[in-house]
S.K.: 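Attaching a single structure in structure tokens format; questions to follow.
Atom set for the values below is all heavy atoms of this structure, side chains included, hydrogens, waters and symmetry mates excluded.
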Amino acid sequence: MLEFIEYGYWGLFLASFLAATILPFSSEAILSLCVYSGFDISLTVAIASLGNWLGGLTGYYLGYLGKLERIEKWLKIKPDKAIKSKEFLRNKGNAFAFFAFLPFIGDLIPIGLGLLRTNPYWMALFMAAGKVCRYVVWAWLTVQALS
């Protein structure tokens, strides 16, 4: 995990993207390390949010394509979990994309919404709002802990 911090903002972006796609680890830890290391907080939050949002969009796109074997191969999510996510989200709408930052189920939300072929613009907007809120709160908590 410390390898990411060596690459500065690019490392943060990559860690945030990968945390939303194929690697099960906490991008918040990398964000905290960046804040602790003196990186600009606003830029850190923006880059982490962008990387994680693009990772979520990747999941949505793979769901939209409907190729369950690709979801399993690239995102390491079993087809039955993707289908359960789709069924759970069936009548919930794009606003549920706000919660794509949640641990464990967050990666399944964009995939399920993609399988449902929901409106990509609204989904992307709600998901971005959730991811930005999460990183803003996390950065604030990190600053408080360092004070």
Side-chain angles (χ1 to χ4, degrees), residues 1 3-5 7-35 39-145:
M1 193 159 59
E3 298 83 29
F4 288 110
I5 197 77
Y7 296 101
Y9 293 117
W10 285 110
L12 174 63
F13 175 84
L14 184 60
S16 299
F17 178 84
L18 292 174
T21 53
I22 61 173
L23 293 179
F25 72 92
S26 170
S27 59
E28 292 89 349
I30 305 295
L31 182 125
S32 290
L33 282 170
C34 288
V35 170
F39 288 47
D40 179 80
I41 293 174
S42 297
L43 189 56
T44 298
V45 167
I47 288 172
S49 298
L50 179 64
N52 208 250
W53 178 68
L54 289 173
L57 288 178
T58 302
Y60 174 83
Y61 178 69
L62 288 173
Y64 196 89
L65 292 176
K67 305 286 187 186
L68 294 174
E69 63 277 357
R70 288 185 187 169
I71 292 169
E72 183 174 22
K73 180 179 178 182
W74 295 339
L75 302 181
K76 310 296 186 233
I77 293 175
K78 299 285 184 202
D80 61 317
K81 283 189 176 185
I83 297 298
K84 285 180 185 177
S85 173
K86 173 185 170 184
E87 294 309 316
F88 175 77
L89 294 166
R90 183 166 300 282
N91 295 314
K92 300 206 174 20
N94 276 321
F96 215 79
F98 180 88
F99 301 103
F101 68 87
L102 292 172
F104 306 113
I105 65 166
D107 295 344
L108 292 170
I109 292 171
I111 293 168
L113 291 171
L115 287 168
L116 289 168
R117 295 179 174 249
T118 61
N119 182 305
Y121 302 107
W122 284 109
M123 188 284 312
L125 181 67
F126 284 117
M127 186 170 56
K131 297 206 182 252
V132 169
C133 287
R134 183 243 330 248
Y135 285 120
V136 165
V137 169
W138 193 264
W140 181 81
L141 290 171
T142 300
V143 169
Q144 297 306 308

S.K.: State the CG-CG distance between Leu68 and Leu115, to the nearest 0.5 angstrom.
M.R.: 6.0 Å
S.K.: Which atom pair, heavy atoms only, marks the closest approach of Cys34 to Thr44?
M.R.: CB-CG2, 3.9 Å
S.K.: If only atom types and distance count, is the side chain of Trp53 paired as donor or acceptor with the main-chain N or O of Met127 below 3.5 Å?
M.R.: no
S.K.: Determine yes or no for a side-chain-to-main-chain donor-acceptor pair under 3.5 angstrom, with Thr58 supplying the side chain and Leu54 the backbone.
M.R.: yes
S.K.: Is a donor on one side and an acceptor on the other found under 3.5 Å between the side chain of Asn94 and the backbone of Phe126?
M.R.: no
S.K.: Measuring from atom OG1 of Thr142 to atom CD of Glu28, what distance do you get when rounded to the nearest 0.5 angstrom?
M.R.: 9.5 Å
S.K.: Return the OH to CG distance between Tyr9 and Leu12, rounded to the nearest 0.5 Å.
M.R.: 8.5 Å
S.K.: Which distance, rounded to the nearest 0.5 Å, do you find between the OH of Tyr61 and the CD1 of Ile71?
M.R.: 12.0 Å
S.K.: Nearest 0.5 Å, what's the CG-OH distance between Leu113 and Tyr60?
M.R.: 7.5 Å
S.K.: What's the shortest heavy-atom distance between Ile77 and Leu108, and which atoms?
M.R.: CG2-CD2, 3.5 Å
S.K.: Within 45° of the six-membered ring axis of Phe101 and under 6.0 Å from that ring's centre, is NZ or CZ of Arg134 located there?
M.R.: no
S.K.: Examine distances only and state if a side-chain atom of Lys92 and a backbone atom of Phe88 form a donor-acceptor pair shorter than 3.5 Å.
M.R.: yes
S.K.: Please report the shortest heavy-atom distance between Ala100 and Lys131, naming the atom on each side.
M.R.: O-NZ, 3.6 Å
S.K.: For a 4.5 angstrom cut-off between non-hydrogen side-chain atoms, does Met123 reach Leu57?
M.R.: yes
S.K.: Does this structure show an ion pair linking Arg90 with Glu87, if we count only N-O contacts that are shorter than 4.0 Å?
M.R.: yes
S.K.: Ignoring hydrogens, what is the shortest heavy-atom contact between Tyr64 and Thr118? Give both atom names and the distance.
M.R.: CE1-O, 4.4 Å
S.K.: Would you confirm whether Ser85, through its side chain, and Lys81, through its main-chain N or O, come within 3.5 Å as a donor-acceptor pair?
M.R.: no
S.K.: To the nearest 0.5 Å, what is the distance between CG (Leu65) and CZ (Arg117)?
M.R.: 7.5 Å
S.K.: Can you see which heavy atom on Val45 is nearest to which on Ala139, and at what distance?
M.R.: CG2-CB, 3.6 Å
S.K.: Before giving the answer on side-chain hydrogen bond (donor to acceptor under 3.5 Å, both in side chains), spell out for Tyr135 and Ser27 the whole-Å C-alpha distance, their side-chain angles and the decisive distance to 0.1 Å.
M.R.: CA-CA 9 Å; Tyr135 285 120; Ser27 59; 2.5 Å; yes
S.K.: Could you check if a side-chain atom of Ile111 sits within less than 4.5 angstrom of a side-chain atom of Leu62, using non-hydrogen atoms only?
M.R.: no
S.K.: Would you indicate whether the side-chain heavy atoms of Asp107 and Leu75 approach each other to under 4.5 Å?
M.R.: no
S.K.: Spell out, as yes or no, whether a donor-acceptor pair under 3.5 Å connects the side chain of Asn52 to the backbone of Ser16.
M.R.: yes
S.K.: Where is the tightest heavy-atom contact between Ala48 and Leu31, given as atom of each residue plus distance?
M.R.: CB-CD1, 3.7 Å
S.K.: Given side-chain contact (heavy atoms from CB on, under 4.5 Å), test Tyr7 with Leu14 step by step and report yes or no.
M.R.: CA-CA 9 Å; Tyr7 296 101; Leu14 184 60; over 6 Å; no
